[in-house]
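Notes to accompany the following structure.
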Amino acid sequence: MAHILVVEDDSDIASLLSRGLGAAGHRVEWAETSDAAARLLARKGCDAAIIDMMLGDESGAVLLADLRAKGHRMPAIMLSALSRIEDRAEGLEAGAQDYVVKPFQLSELLARLEVQLHRAAPREAPIILARLHYDPLNRIVTRSDASGSDRPVVMTEREGDLLAYLLARPGQVLTRGELFDALWAQHGGSTENVVDVYLGYLRRKLGNFEPYGLTLRTLRRRGFVLSAEDTE
């Protein structure tokens, strides 16, 4: 979940953005004016901003340029009914990472926002447990004692999320419900059985974890636990 600042003087568009961003799992702050936006940022900060180019008599580009001058580095998307190249250039030169012309499709705006949030996210450090080395940025598993013949194993996004969750909690008994709530519940359309499916994928891809000095055990009516082979 990201904290998004929406700077928009049209209440209907602001409401649309707030509902759409909220449904996508983000927390939204709305400011109607440049002054209100500056106060919100000074008090709370944000992970990204969506700023209207024309805020009544004010300029969203001037607001963003001023925020950049004050050291705010969050990714920003400029919204505008103006589509000329000169207008786009003004928004980008003020410090926007993207420029979206009104009317816009909410799905496209959300997709562009996710791209900017991903680019701005800090690089994730590798996770090492026993002989398993996981690079979450590229979703690649290798052995820390690998010989030249060992081949990296590539995870899908959901497999990687599940693996990272397990590696961060060695020796802990994790229930099916906990894993589901952490990794699938917010996306909808699944049941808790999806946990068993993806644990099966991990076991097959990683040789049931044995080549990495790990054991993934299923504890009847309790859950699952990933631990080093010599840990009881």
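Sequential numbering from 1 along the given sequence is applied to the chain's residues.
Counting only distance, with no hydrogens or angles, the side chain of Thr215 and the backbone of Arg217 share no donor-acceptor pair below 3.5 Å. Side-chain atoms of His3 never come within 3.5 Å of backbone atoms of Val28 as a donor-acceptor pair (strictly under, hydrogens ignored). Side chain of His26 to main chain of Ala2: a donor-acceptor pair is present (N/O by atom type, distance under 3.5 Å, no hydrogens or angles). For Lys205 (side chain) and Val154 (main-chain N/O), a donor-acceptor pair under 3.5 Å exists by modelled atom type. The closest donor-acceptor contact from the side chain of Arg169 to the backbone of Tyr165 lies under 3.5 Å. In terms of modelled atom types and a separation under 3.5 Å, the side chain of Glu90 and the main chain of Asp87 share no donor-acceptor contact. A donor-acceptor pair is defined here as one N or O able to donate and one able to accept, closer than 3.5 Å; such a pair exists between the side chain of Asp10 and the backbone of Asp12.
Leu162 contributes atom CG, which lies 8.5 Å from atom CD of Glu159 (distance to the nearest 0.5 angstrom). Separation of atoms CD (Gln116) and CZ (Arg112) is listed at 9.0 Å; rounding is to 0.5 Å. Atom-to-atom distance recorded for Asp9:CG and Glu32:CD is 7.5 Å, nearest 0.5 angstrom. Put simply, CG on Leu199 and CG on Asn208 are 10.5 Å apart, with the number rounded to the nearest 0.5 Å. Rounded to the nearest 0.5 angstrom, Leu5 CG and Leu21 CG are separated by 11.0 Å. To the nearest 0.5 Å, the span separating CG on Asp98 from CG on Leu113 amounts to 10.0 Å.
With a 4.5 Å cut-off on side-chain heavy atoms, Met155 and Val141 count as touching. Within the 4.5 Å cutoff, the side chain of Thr142 has heavy atoms near those of the Ile140 side chain. Side-chain atoms of Leu226 and Pro170, non-hydrogen and from C-beta on, never get closer than 4.5 Å to each other. Under the 4.5 Å side-chain criterion, counting only non-hydrogen atoms from C-beta, Glu210 is not in contact with Leu214. Cys46 has its side chain within reach of Leu41: a pair of non-hydrogen atoms, C-beta onward, lies under 4.5 Å apart. Contact annotation: the side chain of Leu79 never approaches that of Ile51 to less than 4.5 Å [non-hydrogen atoms, C-beta and beyond]. In this structure, the side chains of Phe224 and Leu219 stay at 4.5 Å or more apart for every pair of heavy atoms. Contact check for Val225 versus Leu166: no side-chain heavy atoms found under the 4.5 Å cut-off.
Ring pair Phe209/Tyr212: centre-to-centre distance not below 6.0 Å.
For the pair Arg139 and Asp135, the salt-bridge criterion is not met [side-chain N within less than 4.0 Å of a carboxylate O].
Legend: residues meeting side-chain contact (heavy atoms from CB on, under 4.5 Å) with Arg73, ordered by chain and number and at least two apart, are Arg68. Taking Lys102 as the reference, Glu8, Asp52 meet the side-chain hydrogen bond (donor to acceptor under 3.5 Å, both in side chains) condition, with sequence neighbours excluded. Residues forming a side-chain hydrogen bond (donor to acceptor under 3.5 Å, both in side chains) with Thr33 (at least two apart in sequence, or on another chain): none.
Screening residues 191-203 for salt bridge (Lys or Arg N to Asp or Glu O under 4.0 Å) gives Arg176-Asp196 as the qualifying pairs, with residues at least two apart or on separate chains. Counting only residues at least two apart or in different chains, side-chain hydrogen bond (donor to acceptor under 3.5 Å, both in side chains) contacts with residues 14-24 comprise Ser15-Arg19. Residue pairs meeting the salt bridge (Lys or Arg N to Asp or Glu O under 4.0 Å) criterion with at least one partner in residues 33-47, sequence neighbours excluded, are Glu29-Lys44.
Residue Leu55 is not grouped with residue Trp30 when hydrophobic side chains (ILVMFWY) are merged at heavy-atom distances under 4.5 angstrom, including chains of intermediate members. Under the 4.5 Å side-chain heavy-atom criterion for ILVMFWY residues, a single connected hydrophobic cluster contains both Leu64 and Tyr99. Placement of Leu163 and Ile127 within a single hydrophobic cluster is found when ILVMFWY residues are connected by side-chain heavy-atom separations under 4.5 Å, directly or transitively. A continuous path of Ile, Leu, Val, Met, Phe, Trp and Tyr side chains, each step under 4.5 Å between heavy atoms, connects Leu183 with Leu216, placing both in one hydrophobic cluster. A continuous path of Ile, Leu, Val, Met, Phe, Trp and Tyr side chains, each step under 4.5 Å between heavy atoms, connects Leu117 with Leu110, placing both in one hydrophobic cluster.
No more than 12 heavy-atom neighbours from other residues, nucleotides or ligands sit within 6.0 angstrom of CD on Gln105.
Taking the six-membered ring where the residue is Trp, Phe180 and Trp184 present parallel rings, their angle staying beneath 30° rather than reaching 60°.
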